[in-house]
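This report refers to the structure that appears directly beneath it.
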Amino acid sequence: MSQAFPAVLRVHAEDSVAVALRPLEAGEQVLGVTLQQPVAAGHKLALAAHGEGDAVIKYGLPIGRTTRPIEPGDHVHTHNLATALGGEQAYTPTERRSGRAAGGEATWQGYRRADGQAATRNEVWILPTVGCVGLTAEEIARAARLRHGDRIDGIHAFSHPHGCSQLGDDLAGTRALLAGLAANPNAGGVLLLGLGCESNQIDALLAAVPEAARGKVRVLSSQSAGDELAAGASLVDELVEAIAPARREPLSLADLVIGLKCGGSDGLSGLTANPLLGRLADRVCAVGGRAVLTEIPEIFGAEQALLDRAADRTVFESAAALVNRFKRYYLDQGLPVSENPSPGNLAGGITTLEEKSAGAVQKAGQARLTSVVDYGGQAQVPGLALLEAPGNDAVSSSALAAAGATLVLFTTGRGTPLGFPVPTVKVASNHGLAQAKPHWIDFDAALALDAGADAADAAFLRQLLSIASGQRTMAERAGQRAIAIWKRGVTL
């Protein structure tokens, strides 16, 4: 860590707390206050006196209310700060915040598909309709990789436990997610592998795949095939032959679709890694590309700032309805909407859901919110899209791939090895994680505190363009590729 690395950071001029960037000892003086207790890195310290019930301000936003009086220099965390979140709200548009000026071109080497979409990988994906054939799909993929080597970028099966014993909207969600994955441009060819008797019938799934993508899809019902392994091998071979001639060509930032995700966040995530993604999202959206934000429960408490950037009244109302629908999802289960952060978040210095949300929305920068996308749907409008999905890492990242993201940019303060169908770029919020887990982490966003935001942005863009052009992420190198489907209904 640089010797010039600051001890604390006050994120916004109106903040009543600052964040420790290194462990602080009682008695140290920072920003004009004397520490009353030790404060761990990522945790908060009070810059002003607060009475019981006062709002605590961070990122220029309220992140909860005090449960007891707080003096300047006090450690601020769960012992003296609690959420102020309630249930559904009536949202009203306020003055729109102007988007941050961002532009400039950059090129990467990708695949241009026949329908005009751009891909960062040229792969064959095997998508089982039901969990019963998940292992069969994996066996077909393993054998195909041995046969074809590196003729294409990869052959992958994405097993899951769903597709049968589901009803209504729950079954429809499974079908929509798989159909969206089949349409992702990184999948140059797709095999839909069914069993035959499942609820998620293969014909209905194929019909849910966007029409422009159906030409690259092959289907196989295992119960109808004599030897499903041989039949599957033949279809995968056919797909490989069809896509192997594809070659990378220069493409622009406008051709990128980036998924924005955070997981295992800490107190630095909203200061380093998430703003890094936000500035990149601004740049991509400014030239006509697409950025997709999800994890709806993790914008609770910060949603107004996002809603104020809606492109028009229709987008505003759709986004507000999505937030309230998600809150109702919690309330209908008898659960509070604020049952977050996780134990890892708390240990990292995040105290309330409002604080987590205020940091999480930094990933979306200042780009105009141009569309709202249902779970399993595709983000088709240039600009920032808000996608329906929960905060769970695997479920939301799978939904981002189904929405058309060809890269998932995943920030983390605690670390995770898991990757998803499209290249998953792990961005550490702090030096310690990046140094401890170099086999997980693709970029260290704490560079912004050492060298400044401009230097971090330039280095991140270079890394991102290299990955988009074929450099494998750490998750890809480790064979970490998985999906998860949002299960909301009863199981028969």
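Note that the structure is predicted; figures quoted are calculated from it, not measured.
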- Going through the checks in order, is the side-chain contact (heavy atoms from CB on, under 4.5 Å) test met by Lys426 and Phe443? CA-CA 7 Å; Lys426 297 290 177 58; Phe443 189 81; over 6 Å; no

- Which atom names give the shortest non-hydrogen contact between Ala7 and Val30, and what distance separates them? CB-CG1, 4.4 Å

- Message: So, taking the atom named OG1 in Thr406 and the one named CD1 in Ile467, what distance separates them when rounded to the nearest 0.5 Å?
- Response: 12.0 Å

- Query: Taking atom NE2 of His79 and atom OG1 of Thr66, what is their separation to the nearest 0.5 Å?
  - Reply: 11.5 Å

- Query: Heavy atoms, side chains only, cut-off 4.5 Å: are Leu193 and Leu127 in contact?
  - Reply: no

- Message: Restricting to non-hydrogen atoms, name the atom on Ala475 and the atom on Pro417 that form the minimum distance, rounded to 0.1 Å.
- Response: CB-O, 4.1 Å

- Task: Look only at the side chain of Glu388 and the backbone of Tyr375, and say whether a donor-acceptor pair between them is shorter than 3.5 Å.
- Result: yes

- Query: Judged by atom type as modelled, is there a donor-acceptor pair below 3.5 Å linking the side chain of Glu71 to the main-chain atoms of Pro69?
  - Reply: no

- Item | Short side-chain to backbone donor-acceptor contact, Ser357 and Glu298, under 3.5 Å | yes

- Query: Does a side-chain N-to-carboxylate-O contact under 4.0 Å join Glu28 and Arg22?
  - Reply: yes

- Side-chain (His160) to main-chain (Pro128) donor-acceptor, under 3.5 angstrom: yes

- Message: Would you say that Thr424 contacts Lys261 through its side chain, given a criterion of any heavy-atom pair below 4.5 Å between the two side chains?
- Response: no

- Task: Evaluate ring pair (Phe, Tyr, Trp, His ring centres under 6.0 Å) for Trp125 paired with Phe420, printing each intermediate quantity in order.
- Result: CA-CA 12 Å; Trp125 291 0; Phe420 304 101; over 10 Å; no

- Item | From OG1 (Thr272) to NE2 (His431), nearest 0.5 Å | 9.0 Å

- Note on the structure: Between the CH2 atom in Trp108 and the CG atom in Leu465, the distance rounded to the nearest 0.5 Å is 9.0 Å

- Using the test side-chain contact (heavy atoms from CB on, under 4.5 Å), find all partners of Ala48 that sit at least two apart in sequence or belong to another chain. none

- From Leu387 CG over to Asp374 CG, what is the distance, rounded to the nearest 0.5 angstrom? 9.0 Å

- Query: Does a side-chain heavy-atom distance below 4.5 Å link Gln89 with Glu303?
  - Reply: yes

- Query: Do the charged groups of Glu354 and Arg65 touch, with an N to O distance under 4.0 Å?
  - Reply: no

- Is there a donor-acceptor pair under 3.5 Å between the side chain of Gln480 and the backbone N or O of Glu476? no

- Taking every non-hydrogen atom, the tightest pair across Arg414 and Ala347: NH2-CB, 3.8 Å

- Are the side chain of Gln463 and the backbone N or O of Asp442 linked by a donor-acceptor pair below 3.5 Å? yes

- Would you please say whether a donor-acceptor pair under 3.5 Å links the side chains of Asn80 and Arg68? no

- Query: What is the distance from atom SG of Cys164 to atom CG of Leu492, rounded to the nearest 0.5 Å?
  - Reply: 8.0 Å

- Query: Heavy atoms, side chains only, cut-off 4.5 Å: are Leu293 and Leu384 in contact?
  - Reply: yes

- Does a salt bridge link Arg279 with Asp457, judged by any charged N lying under 4.0 Å from a carboxylate O? yes

- Message: Quick check: closest heavy atoms across Leu181 and Ala401, and the distance to 0.1 Å?
- Response: CD2-CB, 3.7 Å

- Item | Identified side-chain contact (heavy atoms from CB on, under 4.5 Å) counterpart of Lys44 within the set Asp74, Ile350, Ile63 | Ile63

- Query: So, the side chain of Thr370 versus the backbone of Ala311: is there a donor-acceptor pair under 3.5 Å, distance only?
  - Reply: no

- Minimal non-hydrogen separation, Ala273 against Ala445, with atom names: CA-CB, 3.5 Å

- Can you list the steps and then say if Val323 with Ile299 is a side-chain contact (heavy atoms from CB on, under 4.5 Å)? CA-CA 8 Å; Val323 172; Ile299 67 171; 3.9 Å; yes

- Message: If the threshold is 4.0 Å, N to carboxylate O, is there a salt bridge linking Asp170 and Lys487?
- Response: yes

- So, do Ser398 and Ile485 sit near enough that their side-chain heavy atoms are less than 4.5 Å apart? no

- Task: Would you please say whether a donor-acceptor pair under 3.5 Å links the side chains of Asn274 and Thr411?
- Result: yes

- Query: Does the pair Leu47 and Asp15 meet the rule for a side-chain contact (heavy atoms from CB on, under 4.5 Å), with working shown?
  - Reply: CA-CA 8 Å; Leu47 297 176; Asp15 288 356; 5.5 Å; no

- Message: Cation-pi check for Phe300 against Lys327: NZ or CZ below 6.0 Å from the six-membered ring centre and within 45 degrees of the axis, yes or no?
- Response: yes

- Query: Going by atom types only, do Ser429 and Asp266 share a side-chain donor-acceptor pair under 3.5 Å?
  - Reply: yes

- Query: Does the side chain of Tyr91 come under 3.5 Å of the side chain of Gln304 through a donor N or O and an acceptor N or O?
  - Reply: no

- Go through Val315 and Leu307 one step at a time and tell me if the side-chain contact (heavy atoms from CB on, under 4.5 Å) criterion holds. CA-CA 9 Å; Val315 173; Leu307 294 172; over 6 Å; no

- Kindly say whether Gly51 contributes a backbone atom to a donor-acceptor pair with the side chain of Asp54 at under 3.5 angstrom? yes

- Does Thr412 have any side chain to side chain donor-acceptor pair (under 3.5 Å) partners at least two apart in sequence or in another chain, and if so, which? none

- Message: Under a 3.5 Å cutoff, is there a donor and acceptor pairing between the side chains of Ser159 and Glu138?
- Response: yes

- Side chains of Leu369 and Phe316: closer than 4.5 Å at any heavy-atom pair? no

- Message: With a 3.5 Å distance limit and no angle check, can you tell me whether Gln166 reaches the backbone of Gly163 through a side-chain donor-acceptor pair?
- Response: yes

- Does a side-chain heavy-atom distance below 4.5 Å link His162 with Leu177? no

- Going by distance alone, is a donor N or O of one side chain under 3.5 Å from an acceptor N or O of the other, for Thr351 and His77? yes

- Message: Keeping Thr83 on the side-chain end and Leu353 on the backbone end, is there a donor-acceptor pair under 3.5 Å?
- Response: no

- If you take all heavy atoms of Ala305 and Arg309, which pair is closest and at what distance? O-CD, 3.5 Å

- Item | Asn186 and Thr120 side chains, donor-acceptor separation under 3.5 Å | yes

- Check: Asp444 and Leu447 side chains under 4.5 Å, non-hydrogen atoms: no

- Query: Could you go step by step and tell me if Glu198 and Thr129 meet the side chain to side chain donor-acceptor pair (under 3.5 Å) rule?
  - Reply: CA-CA 8 Å; Glu198 64 271 27; Thr129 63; 2.5 Å; yes

- Is there a donor-acceptor contact under 3.5 Å linking the side chains of Thr67 and Glu52? no

